[in-house]
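Worth knowing before you read on, the calculation uses all heavy atoms, side chains too, and leaves out hydrogens, waters and symmetry mates. A quick note: this is a predicted structure, and the numbers were derived from the prediction, not measured. Protein chains get the first letters and strands the later ones, always in sequence-line order, with residue 1 at the start of each.
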There are 2 protein chains.
Amino acid sequence: MEKTQKAFFDTYTDFQCYVIAQVNNGDYNGIGATHYNMVEYLYRNGPATGKTLAQKFHISAPAISRHVKILLEKKLIIQQQSPQDRRLFLLEVTAKGKHLVDGSENQRHSVTTRISSMLPKKELEQFTRILRKVVDVLKEEEER
Amino acid sequence: MEKTQKAFFDTYTDFQCYVIAQVNNGDYNGIGATHYNMVEYLYRNGPATGKTLAQKFHISAPAISRHVKILLEKKLIIQQQSPQDRRLFLLEVTAKGKHLVDGSENQRHSVTTRISSMLPKKELEQFTRILRKVVDVLKEEEER
DNA sequence: TGTGAATAGTTAACAAAGTTAAATAATTTC
DNA sequence: GAAATTATTTAACTTTGTTAACTATTCACA
């Protein structure tokens, strides 16, 4: 294998293992990484339906249904039936959920927050640009 | 949230969801992404023990034990007890395993292969450099 | 040189989180 | 107004991670 490619392979493998391990075992102030990511997503992007989350996170509707149930129990989100279309349940982050993401004291920040504070702005932009390109191609391939 | 940071957040979230979905559901010529990654790792880096794989992939020894069992059954790797230290079992990719990774016909390539063939060399190097920095900091934090 | 600690790996029991199939309720279409 | 579609949930199952406890081997050292 060519040198550049080999360096990339090693680094990407490391990164991927880290991402997976973090999703499997990561604890963000008492909730798992996936739950944390959902709360953070709703916080940053505003209310969304389960259907939207399913598409965003590439998981099935039943999987979302269970996640939502747990997040509701933990009072990190609330659910409101849409009056226009009563099949829809809008999910919205609560003050408690926001507080969790803001991570006031002694709390562990999300990976995104940590990365964006570790890289200088210019590098972060470069990284984002390339990563965007990668994601778009991978997604495109996936749809085929 | 600041604009650069928001762009990064969105992109990284997308990427992470893709990685996880791919690990959960990805099929690489009949085996799952984790199994594929292990075979590919052994191919690219040469024989290793279960212990090494556990550290590399950030998973427990029992999890490795089961993965190894399956990969042995599928004849993608072989296991050889070290004569120097009989507690050690060296895992080595077979010709069948190599063939799977090389992916001759109609086969789906690994994400690393796809990314490295999609990006021009200079961009791949840039991406690798930043990703390396990110991984190193994340790992360092993890150890604390 | 024998014994206790450490190391590599396995087995068993369990938990988290994904899946598909089938059910329910609401809406849209014609 | 009946049939099809859509959003969500429930049930049953699978995969893959975990910890605890076990075996086999090696190391450390009195």
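Rounded to a whole Å, the CG atom of A:N24 is 6 Å from the C1' atom of D:dG17. Here the P atom of nucleotide C:dA16 and the NE2 atom of A:H67 are 12 Å apart, to the nearest Å. Taking atom CG of residue A:L90 and atom C1' of nucleotide D:dT8, one finds them 13 Å apart after rounding to whole Å. Between A:I20 atom CD1 and C:dA17 atom C1' the separation is 15 Å, expressed in whole Å. In this structure, B:L71 atom CG and C:dG9 atom C1' are separated by 16 Å, rounded to whole Å. Rounded to an integer number of Å, the gap from CD1 of A:I64 to P of D:dT8 is 10 Å. In this structure, the CD atom of B:Q81 is 7 Å from the P atom of D:dT25, given to the nearest Å. Atoms NZ (A:K51) and P (C:dA26) sit 19 Å apart, rounded to a whole Å.
The aromatic rings of B:Y12 and A:F15 sit perpendicular to each other, their planes meeting at more than 60°, with 30° as the lower class boundary. By the 30° and 60° cut-offs, the orientation of the rings of B:Y28 relative to B:Y36 is tilted.
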Atom pairs and distances, side-chain donor-acceptor, residues 39-47 of chain A, under 3.5 Å, sequence neighbours left out:
from  : atom 1 : to     : atom 2 : distance (Å)
A:E40 : OE2    : A:R44  : NH2    : 3.2
A:E40 : OE2    : A:S110 : OG     : 3.1
A:Y43 : OH     : A:D102 : OD1    : 3.3
A:Y43 : OH     : A:D102 : OD2    : 3.2
A:N45 : OD1    : B:K6   : NZ     : 3.1
A:N45 : ND2    : A:Y41  : O      : 3.1

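Map B:G32 and A:T49 each onto its nearest nucleotide of DNA chain D; the residue landing nearer the 5' end is A:T49. When each of B:L88 and B:A63 is assigned the nucleotide of DNA chain C with its nearest heavy atom, B:L88 is the one assigned upstream, toward the 5' end.
At the phosphate of D:dG17, neither OP1 nor OP2 sits under 4.0 Å from any side-chain N or O atom of B:S60. Between A:Q79 and D:dT9, a side-chain N or O to OP1/OP2 separation shorter than 4.0 Å is present.
Nearest nucleotide to the side chain of B:F89, out of C:dG9, D:dT10, C:dT10: C:dG9. Checking D:dT16, C:dT19, C:dA12 against the side-chain heavy atoms of A:P62 singles out C:dT19 as nearest. Here the nucleotide nearest the side chain of A:N25, chosen from D:dG17, C:dT19, D:dT8, is D:dG17.
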Give every pair of a protein N or O atom and an N or O atom of nucleotides 27-29 of chain C that lie under 3.5 Å apart, one pair per line with the distance.
from   : atom 1 : to    : atom 2 : distance (Å)
C:dT27 : OP1    : A:R86 : N      : 3.0
C:dT27 : OP2    : A:R86 : NH2    : 3.3

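Residues forming a side chain to side chain contact (heavy atoms under 4.5 Å, CB included) with B:T13 (at least two apart in sequence, or on another chain): A:K56, B:F9, B:C17. For B:E123, the salt bridge (charged side-chain N to carboxylate O under 4.0 Å, His left out) test picks out A:R129, A:K133, with sequence neighbours left out. Scored by the side chain to side chain contact (heavy atoms under 4.5 Å, CB included) test, A:Q80 finds A:E92 as partners (sequence neighbours excluded). Partners of B:S60 according to the side chain to side chain contact (heavy atoms under 4.5 Å, CB included) rule, which considers only residues two or more places apart in sequence or in another chain, are B:P62, B:A63.
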